[in-house]
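To start, the structure under review is shown below, and the notes come after it.
Values reported hereafter were calculated over all heavy atoms of this structure, with side chains retained and with hydrogens, waters and symmetry mates removed.
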Amino acid sequence: MDRKVYIEKGNIKILYPENTDRRFIYDMAFEEDAIWQSMFNDKSEFDWAEFRDSEDCVFDSSPSTEKWLLIQYDGEIAGTIAYTYNDGKIKNCELDMWLRSERYTGKGIGSAVMKMLIDQLVRQFGVNTFIIRPWVNNPRAIRAYEKCGFRLKEDFVPSDYYGKYLEQYGDGDYGEDGTYNMVLEL
């Protein structure tokens, strides 16, 4: 497939997906046991319906306040990163990312991609606050996000960060006790 480039720097490209990439992006989470086990206790915790039922603009190159993107490293699809613009009291973008294989971890790909996307989103949405909410049992992801400048926000108040998505995402993907609330303020 010849996907459109969203951002490019060196040997890393962030690509717009095509609508047919929905299932591909979802399935990347489960290609290696070590990857999905770092994100979930059980595969059933990650629901295909969220991808299946998303608006088409989330999986194409049209302008949108939420988007799933593909990470290409040295010509191979290495993972995915997503953003959602949140209209809470504190305007922000929430990020989510995973690499599809351990062979892509430990190379600085995730940190580089995160910084590239943050720079783009600052220009695109004029936001200076970013949130990412990994599972508390995923120390590798937490360390990687800390390298990008994210810090634990112990007094994280979801209603400060979420407007229309508060009910859907306020408790985080892992519930109030299982979500590690991290914030980056530029």
**OP:** Dump the intermediate steps for side chain to side chain contact (heavy atoms under 4.5 Å, CB included) on Trp36 and Asp33, then the final yes or no.
**Re:** CA-CA 5 Å; Trp36 75 261; Asp33 288 347; 3.1 Å; yes
Original post:
What's the verdict on side chain to side chain contact (heavy atoms under 4.5 Å, CB included) for Glu146 and Met182, showing C-alpha distance, side-chain angles and the deciding distance?
Top reply: CA-CA 9 Å; Glu146 287 173 342; Met182 302 182 80; 3.7 Å; yes
**OP:** Take Asp60 and Asn19 through the test side chain to side chain donor-acceptor pair (under 3.5 Å) and record every step on the way to the result.
**Re:** CA-CA 6 Å; Asp60 67 16; Asn19 212 348; over 6 Å; no
Original post:
Yes or no on side chain to side chain contact (heavy atoms under 4.5 Å, CB included) for Asp21 and Arg3, after CA distance, side-chain angles and deciding distance?
Top reply: CA-CA 10 Å; Asp21 287 323; Arg3 296 177 183 97; 2.9 Å; yes
**OP:** Take Tyr26 and Phe46 through the test ring pair (Phe, Tyr, Trp, His ring centres under 6.0 Å) and record every step on the way to the result.
**Re:** CA-CA 9 Å; Tyr26 174 81; Phe46 191 47; 5.0 Å; yes
Original post:
Could you go step by step and tell me if Asp56 and Arg22 meet the salt bridge (charged side-chain N to carboxylate O under 4.0 Å, His left out) rule?
Top reply: CA-CA 10 Å; Asp56 288 346; Arg22 288 173 194 250; 2.7 Å; yes
Original post:
Between Ile132 and Met114, is a side chain to side chain contact (heavy atoms under 4.5 Å, CB included) present by the stated rule, with each step listed?
Top reply: CA-CA 11 Å; Ile132 196 157; Met114 188 73 62; 3.7 Å; yes
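Inter-residue side-chain proximity for Leu186 and Phe130 is flagged as met; some heavy-atom pair is nearer than 4.5 Å. Two residues are said to be in side-chain contact when any heavy atoms from C-beta on lie closer than 4.5 Å; Tyr6 and Leu70 fail this criterion. At a threshold of 4.5 Å between non-hydrogen side-chain atoms, the residues Asn92 and Val183 do not count as touching. Side-chain contact check for Ile131 versus Lys153: every heavy-atom pair is 4.5 Å or farther apart. You'll find the side chain of Pro158 stays beyond 4.5 Å of the side chain of Glu167, heavy atoms only. Here the side chains of Asn41 and Trp135 are in contact, with some heavy-atom distance below 4.5 Å. With contacts defined as side-chain heavy-atom distances shorter than 4.5 Å, the pair Met39/Tyr174 qualifies.
Heavy-atom contacts from other residues, nucleotides or ligands closer than 6.0 Å to CD of Glu176 number 12 or fewer.
Separation of atoms CG (Asn137) and CD (Gln37) is listed at 12.5 Å; rounding is to 0.5 Å. Rounded to the nearest 0.5 Å, atoms CD1 (Ile7) and CE (Met116) are 5.5 Å apart. If you take SG on Cys148 and NZ on Lys115, they are separated by 5.5 Å, rounding to the nearest 0.5 Å. Remark: Glu18 CD to Lys4 NZ distance equals 11.0 Å, nearest 0.5 Å. Here the CG atom belonging to Asn86 is positioned 11.0 Å from the OG1 atom belonging to Thr129, to the nearest 0.5 angstrom. Remark: Asn128 CG to Ile118 CD1 distance equals 11.0 Å, nearest 0.5 Å.
For Ile35 against Ser38, the heavy-atom pair with the smallest separation is O-OG, 2.6 Å. Across all non-hydrogen atoms, the minimal contact from Ala144 to Ser111 is O-OG, 4.0 Å. Here the closest heavy-atom approach between residue Leu69 and residue Pro17 is recorded as CA-CD, 4.1 Å. Closest approach of Phe59 to Ser54, counting heavy atoms only: CE1-CB, 3.7 Å. Of all the heavy atoms in Ile142 and Pro134, the pair that sits closest is CG1-CG, 3.9 Å.
Side chain of Lys67 to main chain of Cys57: a donor-acceptor pair is present (N/O by atom type, distance under 3.5 Å, no hydrogens or angles). Lys9 places no side-chain N or O within 3.5 Å of a backbone atom of Val113 that could act as its donor or acceptor partner. In this structure, the side chain of Thr179 does not engage the main chain of Asn181 through any donor-acceptor pair within 3.5 Å.
Ile81 and Val5 fall within a single hydrophobic cluster, where Ile, Leu, Val, Met, Phe, Trp and Tyr side chains are chained together by heavy-atom contacts under 4.5 Å. Val136 and Phe150 end up in the same hydrophobic cluster when Ile, Leu, Val, Met, Phe, Trp and Tyr side chains are linked at under 4.5 Å. In the hydrophobic clustering of this structure, Ile25 groups with Val58; members are Ile, Leu, Val, Met, Phe, Trp, Tyr whose side-chain heavy atoms approach within less than 4.5 Å, directly or through other members. There is a path of hydrophobic side-chain contacts, each under 4.5 Å, that joins Phe40 to Met28. The hydrophobic cluster containing Trp48 also contains Phe24, counting ILVMFWY residues as joined when their side-chain heavy atoms lie under 4.5 angstrom apart, directly or transitively.
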Enumerate, atom names and distances included, each donor-acceptor pair closer than 3.5 Å involving a side-chain atom of residues 93-109, sequence neighbours excluded.
| residue | atom | partner | partner atom | Å |
| --- | --- | --- | --- | --- |
| Glu94 | OE1 | Tyr162 | OH | 2.6 |
| Glu94 | OE2 | Tyr162 | OH | 3.1 |
| Arg100 | NE | Glu31 | OE1 | 2.8 |
| Arg100 | NE | Glu31 | OE2 | 3.3 |
| Arg100 | NH1 | Ile77 | O | 2.9 |
| Arg100 | NH2 | Glu31 | OE1 | 3.2 |
| Arg100 | NH2 | Glu31 | OE2 | 2.8 |
| Ser101 | OG | Glu32 | OE2 | 2.5 |
| Ser101 | OG | Arg103 | N | 3.2 |
| Glu102 | OE2 | Arg140 | NH2 | 2.5 |
| Arg103 | NH1 | Glu76 | OE1 | 3.2 |
| Tyr104 | OH | Glu76 | OE1 | 2.5 |
| Thr105 | OG1 | Glu102 | O | 2.7 |
| Thr105 | OG1 | Arg140 | NH1 | 3.1 |

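Applying the ring-ring contact (aromatic ring centres under 6.0 Å, His included) rule to Tyr161 yields the partners Phe156; only residues at least two apart in sequence or on another chain are considered.
Ion pairing between Asp171 and Arg133 fails under the 4.0 Å rule for side-chain N and carboxylate O.
With respect to Trp68, the ring pair (Phe, Tyr, Trp, His ring centres under 6.0 Å) criterion is satisfied by exactly one of Phe51, Tyr16, Tyr83: Phe51.
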